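See structure below.
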Amino acid sequence: LDELSSLVLCLGLPGDTRTVLGRTLAACREAGQPTVLTLRQLRCHTEPLRTGRVRICENPVVVAAAADELAAPCQPLVCVGGQPSAAGWRLLELLAAGGAEFDYHGDFDWGGIRIAQGVRHRVSWRPWRYDHRTYASAASAADALTPLARLVGEPTATPWDPELATVMRDRNLRVEEELTLDTLLQDLSP
């Protein structure tokens with residue numbers, strides 16, 4: 001992809017008044033609106049982006065719900081949109097260089113686990129309700145309302161919580177990130 005087609009979605013990242021990217025982030029944070037950043041914008045920015053804890057999610061619906069429910073007070077959130085784009089990697093690099101600490105959440109399926117592992121190889125993160133207890137609870141609650149799809153693909157290890165892969169194999173249910181929105185939004189609240 002070219003530098004304008006590679007995008008990353010975020011919400012609540014702090015900005016500054018010195019740089020174009022900083023002003024963009026500051027204006028969107030103040031308005032409580034999501035920001036779509038291009039690889040070009042991120043490549044033109046050479047300073048680290050300074051913030052504390054940043055939550056990383058896999059799906060844009062988490063950002064949309066956080067903007068709707070929390071708006072400006074939402075804690076910093078970056079959506080990798082499935083497999084991270086070059087823009088996504090650049091944003092995470094700028095945040096890591098600024099001292100950000102990351103928490104990660106994604107889909108509870110084998111593809112989601114692979115995405116999490118890919119992100120984990122590039123930036124260090126702690127699980128954000130992305131463990132065996134959360135999976136078991138979400139699978140039970142969601143499956144009681146409507147039958148969940150079965151997991152497909154090759155099982156994958158979950159080194160941040162080895163029991164997660166075991167429980168996922170045993171339960172064999174796919175739990176999309178959207179099914180955990182209520183708890184994620186609680187965590188993103190100030």
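Remember, predicted model here, so these are calculated numbers, not experimental data. Residue numbers start at 1 and run along the sequence shown. Because only heavy atoms are used, hydrogens play no part in the values below, and waters and symmetry mates are left out as well, while side chains stay in.
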Tell me, do L11 and L70 make a side-chain contact under 4.5 Å, heavy atoms counted? no
What I'd like to find out is whether the side chain of L4 reaches to under 4.5 Å of the side chain of L39, using heavy atoms alone. no
D182 (side chain) donor-acceptor with L185 (main chain) under 3.5 angstrom: no
Are the side chains of R126 and R53 in touch, meaning some heavy atoms are under 4.5 Å apart? yes
Donor-acceptor pair, side chain of R122 and main chain of G118, under 3.5 angstrom: no
Crowding at CD, E93 (>12 non-hydrogen neighbours, <6.0 Å): yes
Applying side chain to side chain donor-acceptor pair (under 3.5 Å), name anything that partners H45, two or more places apart in sequence or on another chain. none
Could you state the interatomic distance from CG (L49) to CZ (R90), rounded to the nearest 0.5 Å? 8.5 Å
Heavy-atom side-chain proximity of E154 to R114 below 4.5 angstrom: yes
Checking L148 against L179 for the side chain to side chain contact (heavy atoms under 4.5 Å, CB included) test, could you report, in this order, the C-alpha distance in whole Å, the side-chain angles of both residues, the deciding distance, and whether it holds? CA-CA 11 Å; L148 295 175; L179 295 175; 3.7 Å; yes
Can you check side chain to side chain contact (heavy atoms under 4.5 Å, CB included) on L164 and I113, steps first, answer last? CA-CA 10 Å; L164 174 57; I113 297 296; 4.0 Å; yes
Is it the case that the side chains of D161 and T158 hold a donor-acceptor pair, with the cut-off being a distance below 3.5 Å and no angle test? no
Please collect all ring-ring contact (aromatic ring centres under 6.0 Å, His included) contacts where either partner lies in residues 150-190, sequence neighbours excluded, each pair once. W125-W160, Y130-W160
Determine, step by step, whether V54 and L77 satisfy the side chain to side chain contact (heavy atoms under 4.5 Å, CB included) criterion, reporting the C-alpha distance in whole Å, the side-chain angles of both residues, the deciding distance to 0.1 Å, and the verdict. CA-CA 6 Å; V54 175; L77 177 64; over 6 Å; no
Measuring only between side-chain heavy atoms, which start at C-beta, is V80 closer than 4.5 Å to V8? no
Is there a donor-acceptor pair under 3.5 Å between the side chain of T180 and the backbone N or O of E177? yes
Transitive ILVMFWY side-chain link F108 to W110, under 4.5 Å: yes
Pairwise side-chain contact, Y135 with M168, heavy-atom cut-off 4.5 Å (strictly under): yes
Value rounded to 0.5 Å, distance of CG in L37 from CG in L9: 8.5 Å
Run the salt bridge (Lys or Arg N to Asp or Glu O under 4.0 Å) test on R133 and D131 for me, step by step, so that the C-alpha distance in whole Å, both residues' side-chain angles and the decisive distance to 0.1 Å come before the verdict. CA-CA 6 Å; R133 287 182 187 89; D131 55 45; 5.8 Å; no
Any side-chain heavy-atom pair of P48 and L94 under 4.5 Å: no
For Y104 and G112 the tightest heavy-atom approach is OH-O, 4.5 Å
Kindly check if the number of other-residue, nucleotide or ligand heavy atoms within 6.0 Å of CD (E30) is above 12? no
Taking every heavy atom of C79 against every heavy atom of P60, the minimum-distance pair comes out as SG-N, 3.3 Å
A side-chain contact here means heavy atoms from C-beta on lying under 4.5 Å apart; do N59 and E178 qualify? yes
Please determine whether side chain to side chain contact (heavy atoms under 4.5 Å, CB included) holds for the pair C10 and L25, giving the CA-CA distance in whole Å, both sets of side-chain angles, and the decisive distance to 0.1 Å. CA-CA 9 Å; C10 57; L25 291 173; 4.0 Å; yes
Result for side-chain hydrogen bond (donor to acceptor under 3.5 Å, both in side chains) between D103 and one of R129, R55, Q75 points to R55
Is the backbone of R150 close enough, under 3.5 Å, to the side chain of N172 for a donor and an acceptor to pair up by distance? no
Are V63 and I56 connected into the same hydrophobic cluster when the rule is that any two of I, L, V, M, F, W, Y join if their side-chain heavy atoms are below 4.5 Å apart? no
I'd like to know if the side chain of S137 and the backbone of T134 have a donor-acceptor N/O pair within less than 3.5 Å. no
Quick one: does any side-chain atom of S85 pair with a main-chain N or O of L7 as donor and acceptor, under 3.5 Å? yes
Please check: side-chain N/O of R23 versus main-chain N/O of T17, any donor-acceptor pairing under 3.5 Å? yes
Taking atom SG of C57 and atom CH2 of W128, what is their separation to the nearest 0.5 Å? 6.0 Å
Is there a donor in the side chain of H105 and an acceptor in the side chain of E58, or the other way round, less than 3.5 Å apart? no
Applying side chain to side chain donor-acceptor pair (under 3.5 Å) to R29 and T35, what does each step give before you reach the verdict? CA-CA 8 Å; R29 181 178 183 167; T35 310; over 6 Å; no
Q41 side chain to T38 backbone, donor-acceptor under 3.5 Å: yes
